[in-house]
Amino acid sequence: MRAVTLESVPSAPAVTEVDTPCPEAGELLVKVAAASLNGFDTAVAAGHLQGMMEHRFPLVLGQDFAGTVEALGEGVEGFAVGDAVFGVALKPFLGAGSLAEYVTVSAGHGVVRSPAGLEVGDAGALGAAGATAVVSLDAVALGEGETVLISGASGGVGSLAVQFAAARGAKVIATARPGAQTDFVTGLTDAEVHVVDFTGDLQAQVRAIAPDGVDAVLHLAGDGAQLAALLRPGGRLASTTGLGQDDVKGQDVTVHTIMANPDARILTALAEQVASGALRVPVTAIYPLEQVTEAFTAFGAGTPGKIAVSCS
Ligand SMILES: NC(=O)c1ccc[n+]([C@@H]2O[C@H](COP(=O)([O-])OP(=O)(O)OC[C@H]3O[C@@H](n4cnc5c(N)ncnc54)[C@H](OP(=O)(O)O)[C@@H]3O)[C@@H](O)[C@H]2O)c1
């Protein structure tokens, strides 16, 4: 099959021919129709996961997938060949990802059937970013009327988090570069979004909107300690980039270090919200699998939202 692979790390992803995987006991073989790029893929290619997870080469990249069940491993229940499914490919090692014509996934975790009304291109860009946005907002228990600063709002996780935070009735302060990124972020929801330019004086811009500090921060990008300093006493911060409580010693704030788990309950809820029109998957570009090099270039060049990849 054709797949987006790395021969070593760090290295640039390339489309190559690899063996089509066989589903083991408890696994589904999924024919991938759509996938998407995540910050995780660029981190793996850059070699940032070395020493943290086993790497199996040629390493097939990719987390998100949407497609149809092609075959069932031994003992699988609850799925049938031909089912439309989507989710997040998770293995205890790196190398069996979803940026490929086929992927094997555990039937018990990270995959659900796609409901009617969920477009396959949206489904392939939803799982990882959507689950991370939900888990992060739940971690800080964002409530109606509270003020949240979302740092990294222009990215995949952030653009979904902005929509969730607005739907919870929060006052949203969101980071973006001036110009197209700012227009993209303000267009994510009908609710008012206060955009701040992260390339300028972030502290001053946020203080002008929330003089007493914000109730919560989603740290998806940027300097976590600086962001934590913008919280009111007793405020909460969720970090997807590894900030921990020890990094804010002496401050009266709580830090939640996020490790998102895209379980079936979260995936099903995300899918239903998209199918009902309550949530929009912010796909801003779609590339065929063969042009994934260009997709990674666009990902690294400030393209807002999600970059989708069509795999068949
Ligand atoms: N822990 C977990 O479970 C988990 C799960 C998913 C993701 N993550 C991590 O969470 C982060 C966000 O993921 P993602 O997929 O949304 O990545 P992404 O699509 O690359 O989004 C990151 C966004 O942040 C912007 N940005 C860059 N520097 C910034 C700064 N100093 N202040 C504010 N915004 C800035 C980027 O804009 P430009 O492109 O214009 O620079 C980009 O739009 C990544 O580091 C990813 O690895 C962790």
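Indexing begins at 1, ligand by ligand and atom by atom, following the structure's order.
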**Prompt:** Are Leu99 and Leu37 close enough that some pair of their side-chain heavy atoms sits under 4.5 Å apart?
**Reply:** yes
**Asked** Among all protein non-hydrogen atoms, which one is nearest to atom 19 (O) of ligand 1, and what is the separation to 0.1 Å?
**Response** Gly156 N, 3.0 Å
**Prompt:** What's the shortest distance from atom 14 (P) of ligand 1 to any protein heavy atom, and which residue and atom give it?
**Reply:** Val157 CG2, 3.8 Å
**Item:** NZ or CZ of Arg113 within 45° of Phe79 ring axis and under 6.0 Å
**Value:** yes
**Request:** Would you check whether Ala260 has a nitrogen or oxygen atom less than 3.5 angstrom from a nitrogen or oxygen atom of ligand 1?
**Result:** yes
**Message:** Using a 4.0 Å cut-off to any heavy atom of Arg177, which atoms of ligand 1 qualify?
**Reply:** 38 (P), 40 (O), 41 (O)
**Message:** For atom 36 (C) of ligand 1, what is the closest protein heavy atom, and at what distance to 0.1 Å?
**Reply:** Ser154 OG, 4.1 Å
**Prompt:** Side chains of Lys91 and Thr104: donor-acceptor distance under 3.5 Å anywhere?
**Reply:** yes
**Item:** For Leu220, the ligand 1 atoms whose distance to one of its heavy atoms is below 4.0 Å
**Value:** 11 (C), 12 (C)
**Message:** Among all the protein's non-hydrogen atoms, which is closest to atom 48 (C) of ligand 1, and how far away is it?
**Reply:** Thr240 O, 3.2 Å
**Complete:** Note: ligand 1 atoms sitting under 4.0 Å from heavy atoms of Ile258 are 1 (N), 2 (C), 3 (O)
**Request:** For Gly302, counting its heavy atoms only, list the atoms of ligand 1 lying under 4.0 Å from any of them.
**Result:** 38 (P), 39 (O), 40 (O)
**Asked** Is it the case that more than 12 heavy atoms not belonging to Glu146 sit under 6.0 Å from its CD atom?
**Response** yes
**Asked** Where on Gln181 is there a heavy atom closer than 4.0 Å to ligand 1, on the side chain, on the backbone, on both, or on neither?
**Response** side chain
**Request:** Identify, by atom number and element, the atoms of ligand 1 in contact range of Gly222, meaning under 4.0 Å from any of its heavy atoms.
**Result:** 30 (C), 31 (N), 32 (N)
**Request:** Flag yes if more than 12 heavy atoms outside Glu54 fall under 6.0 Å of its CD atom; otherwise flag no.
**Result:** yes
**Message:** Are Tyr102 and Val30 packed together at the side-chain level, in the sense that at least one heavy-atom pair is separated by less than 4.5 angstrom?
**Reply:** no
**Fill in**
What one should report as the nearest heavy-atom pair of Met1 and Asp19 is CE-O, 4.0 Å
**Asked** For ligand 1, which atoms have a heavy atom of Ser151 less than 4.0 angstrom away?
**Response** 32 (N), 33 (C)
**Request:** Could you tell me the residue and atom name of the protein heavy atom closest to atom 29 (C) of ligand 1, and the distance to it rounded to 0.1 Å?
**Result:** Phe198 CE1, 3.4 Å
**Request:** Give the residue, atom name and distance (to 0.1 Å) of the protein heavy atom nearest atom 21 (O) of ligand 1.
**Result:** Gly155 CA, 3.2 Å
**Message:** Among all protein heavy atoms in this structure, tell me which lies nearest to atom 15 (O) of ligand 1, with the distance rounded to 0.1 Å.
**Reply:** Gly39 N, 3.4 Å
**Item:** ligand 1 versus Thr241: contacting region, heavy-atom distance under 4.0 Å
**Value:** side chain
**Message:** Distance under 4.0 Å to a non-hydrogen atom of Ala221: what atoms of ligand 1 satisfy this?
**Reply:** 24 (O), 26 (N), 29 (C), 34 (N), 35 (C)
**Complete:** Here the gap from Ser159 atom OG to Phe184 atom CZ, rounded to the nearest 0.5 Å, amounts to 4.0 Å
**Message:** Is it the case that over 12 heavy atoms from other parts of the model lie below 6.0 angstrom from the CD atom of Glu24?
**Reply:** no
**Request:** Without swapping roles, check the side chain of Ser98 against the backbone of Asp64 for a donor-acceptor pair under 3.5 Å.
**Result:** yes
**Item:** Enclosure of Glu144 CD (heavy-atom neighbours >12, cutoff 6.0 Å)
**Value:** no
**Fill in**
closest protein heavy atom to atom 5 (C) of ligand 1 is Thr132 OG1, 3.2 Å
**Item:** Element-labelled atoms of ligand 1 that are located less than 4.0 Å from some non-hydrogen atom of Met259
**Value:** 3 (O)
**Message:** Does Ile286 have more than 12 heavy atoms from other residues, nucleotides or ligands lying within 6.0 Å of its CD1?
**Reply:** no
